[in-house]
There are 2 protein chains.
Amino acid sequence: MEATGTQAGKEKQILAAARRIFATTGYYQARVEDIAREAGIGKGTVYEYFTSKEELYLQMLLEIADSYASGLAEVIGRPGDLREKLLGIGRHLRDFLQEHGQLARMFLQDPGPVNRKLQDHLLQIRRETVQQVEKLLAAGAAAGHMRPVDTGVAARFFLGGLAGVLLPGLIEELAPPEALAMTVDIFLQGIDSS
Amino acid sequence: MEATGTQAGKEKQILAAARRIFATTGYYQARVEDIAREAGIGKGTVYEYFTSKEELYLQMLLEIADSYASGLAEVIGRPGDLREKLLGIGRHLRDFLQEHGQLARMFLQDPGPVNRKLQDHLLQIRRETVQQVEKLLAAGAAAGHMRPVDTGVAARFFLGGLAGVLLPGLIEELAPPEALAMTVDIFLQGIDSS
DNA sequence: AGGCGAACTGACTGCTGGGTCGGATCGGAA
DNA sequence: TTCCGATCCGACCCAGCAGTCAGTTCGCCT
């Protein structure tokens, strides 16, 4: 009764613990008992809320993926010019990586029964993201000053480049704060036609 | 005696089998027995050549990583202007992903005792790659027409962007052949100052 | 107080799979 | 042909852990 845990909150509690444990050890090395301990409950209780380790893992990743996707959509929806929006996307990605850095790499984890089920969902999110950026670029093209590059390639290049600049910051050394703006600027000049 | 396997060749044989099995199932799902079967030998024999599953895995990944790194250095060393070299890097990455697509994601796999030991080596390779590209860019800057962007950010942006354009081709749909050149062009214009 | 169901628990079970090892097989030297 | 070391093999051993379940505690109602 000392920890947070009023009835339905227990599920959240377990998910949060799972996030921490899975993030540090990965799926296979994580023991359900560790997650239970981290959540301050008994192992059996985990199975009152989730039918299996795999299901718990799935639930956790989907939750995170969805929060990322909806956050991104919100950022893109905010008013502003192209540069402002691209910066917003970058910031959103940066914040996400800061919070879920270790978990993010799990989206690229090895295949297997666990991830098979995730693939469709994650692919869907990725497609949507690319499409949203494409739409931004198409709008920019319509507004004039943009040379006629393939928006699909440009969108993927931009997103991949962002990851290339931001992700290493977590595993290598911290990316300087101005790296984000630089990236956007290089990209913008890259597609500019003025 | 039907398969290839003359003495020292057996180690290569096992490594090749390991590559195939690990690529399809990932580290944890792969059973040593499967690898042995795939290599056409008994499970015990695997342990004549490798002390453990983990060591076999490590050996395999390091081999691939090194072949990637040395191939890249060779490509960069070839004479040609900046555009030609960047294209070469892209082609090299594309070919590598085509051959080792599934394994490539393993470099980003979950943490744990297995990968800990790899981290330094892979980080080293990544740093070298970034530095080599930085050097190319610095040379381009010296040669004149290039605005003064941070070469570190630009290099990471370029490499990440390449991966963003090429990797999805494997998991999503095939990247069109011209995507590579487009990527390089966008990037080049992005850093151009003429 | 007392009774009841819901929530919780961790000792226990069964299985999976890494690593071992005694014995089989091979191939070349004498 | 015989012998011997090197190589190969897979049945066996056992540690680790997901999932179960019989028993306990909790908290609410009467």
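Computation of the quantities below employed the complete heavy-atom set of this structure, encompassing side-chain atoms and omitting hydrogens, waters and symmetry-equivalent molecules. The chains referred to below are lettered A, B, ... by the order of the sequence lines, with proteins before strands, and numbering in each begins at 1.
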message = How bent is the helix from C:dA1-D:dT30 to C:dA30-D:dT1, measuring the angle between the end axes built from five pairs each, rounded to 10°?
response =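 It works out to 10° between the end axes.
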query = Under 4.0 Å: is that the gap between some side-chain N or O of A:T45 and OP1 or OP2 of C:dT9?
reply =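 Looking at the OP1 and OP2 atoms of C:dT9, one of them is under 4.0 Å from a side-chain N or O of A:T45.
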request  = Any pair with a residue in residues 184-194 of chain B that passes salt bridge (Lys or Arg N to Asp or Glu O under 4.0 Å), sequence neighbours left out, goes on the list, sorted by first then second residue, please.
outcome  =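 Found B:R83-B:D185.
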Every protein N/O lying under 3.5 Å from an N/O of nucleotides 19-23 of chain D:
from	atom 1	to	atom 2	distance (Å)
D:dG19	OP2	A:Y47	OH	3.0
D:dG19	OP2	A:K53	N	2.9
D:dG19	N7	A:K43	NZ	3.1
D:dG19	O6	A:K43	NZ	2.7

request  = Could you pull out all residues at least two apart from A:E48 that satisfy side chain to side chain donor-acceptor pair (under 3.5 Å)?
outcome  =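 Not a single residue meets the side chain to side chain donor-acceptor pair (under 3.5 Å) criterion with A:E48.
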ask   = Can you name the residues that form a side chain to side chain donor-acceptor pair (under 3.5 Å) with A:E74, not counting sequence neighbours?
value =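 A:E74 satisfies side chain to side chain donor-acceptor pair (under 3.5 Å) with A:R78 only.
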For A:K85, side-chain contact (heavy atoms from CB on, under 4.5 Å) partners two or more places apart =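 In terms of side-chain contact (heavy atoms from CB on, under 4.5 Å), with neighbours along the sequence ignored, A:K85 is linked to A:L136.
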request  = With sequence neighbours excluded, tell me which residues meet ring-ring contact (aromatic ring centres under 6.0 Å, His included) with A:Y68.
outcome  =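 For A:Y68, the residues satisfying ring-ring contact (aromatic ring centres under 6.0 Å, His included) (neighbours in sequence not counted) are A:H92, A:F96.
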Residues 157-165 of chain B, side-chain donor-acceptor partners within the protein, below 3.5 Å, at least two apart:
none

Grab the [atom1]-[atom2] distance between [X] and [N] for me, whole Å please.
X	N	atom1	atom2	value
A:Q29	D:dC17	CD	C1'	12 Å
B:E11	D:dT7	CD	C1'	15 Å
B:I41	D:dG10	CD1	P	10 Å
A:Y57	D:dA18	OH	C1'	17 Å
B:D34	C:dT16	CG	C1'	12 Å
A:Y28	D:dA15	OH	P	24 Å

inquiry  = Tell me if a side-chain donor or acceptor on A:R147 pairs with a main-chain N or O of A:G190 at a distance below 3.5 Å.
reply    =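 Pair found, side chain donor or acceptor close to backbone of A:G190.
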query = Among all residues two or more places apart in sequence or in another chain, which pass the salt bridge (Lys or Arg N to Asp or Glu O under 4.0 Å) test with B:R20?
reply =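 B:R20 satisfies salt bridge (Lys or Arg N to Asp or Glu O under 4.0 Å) with B:E38 only.
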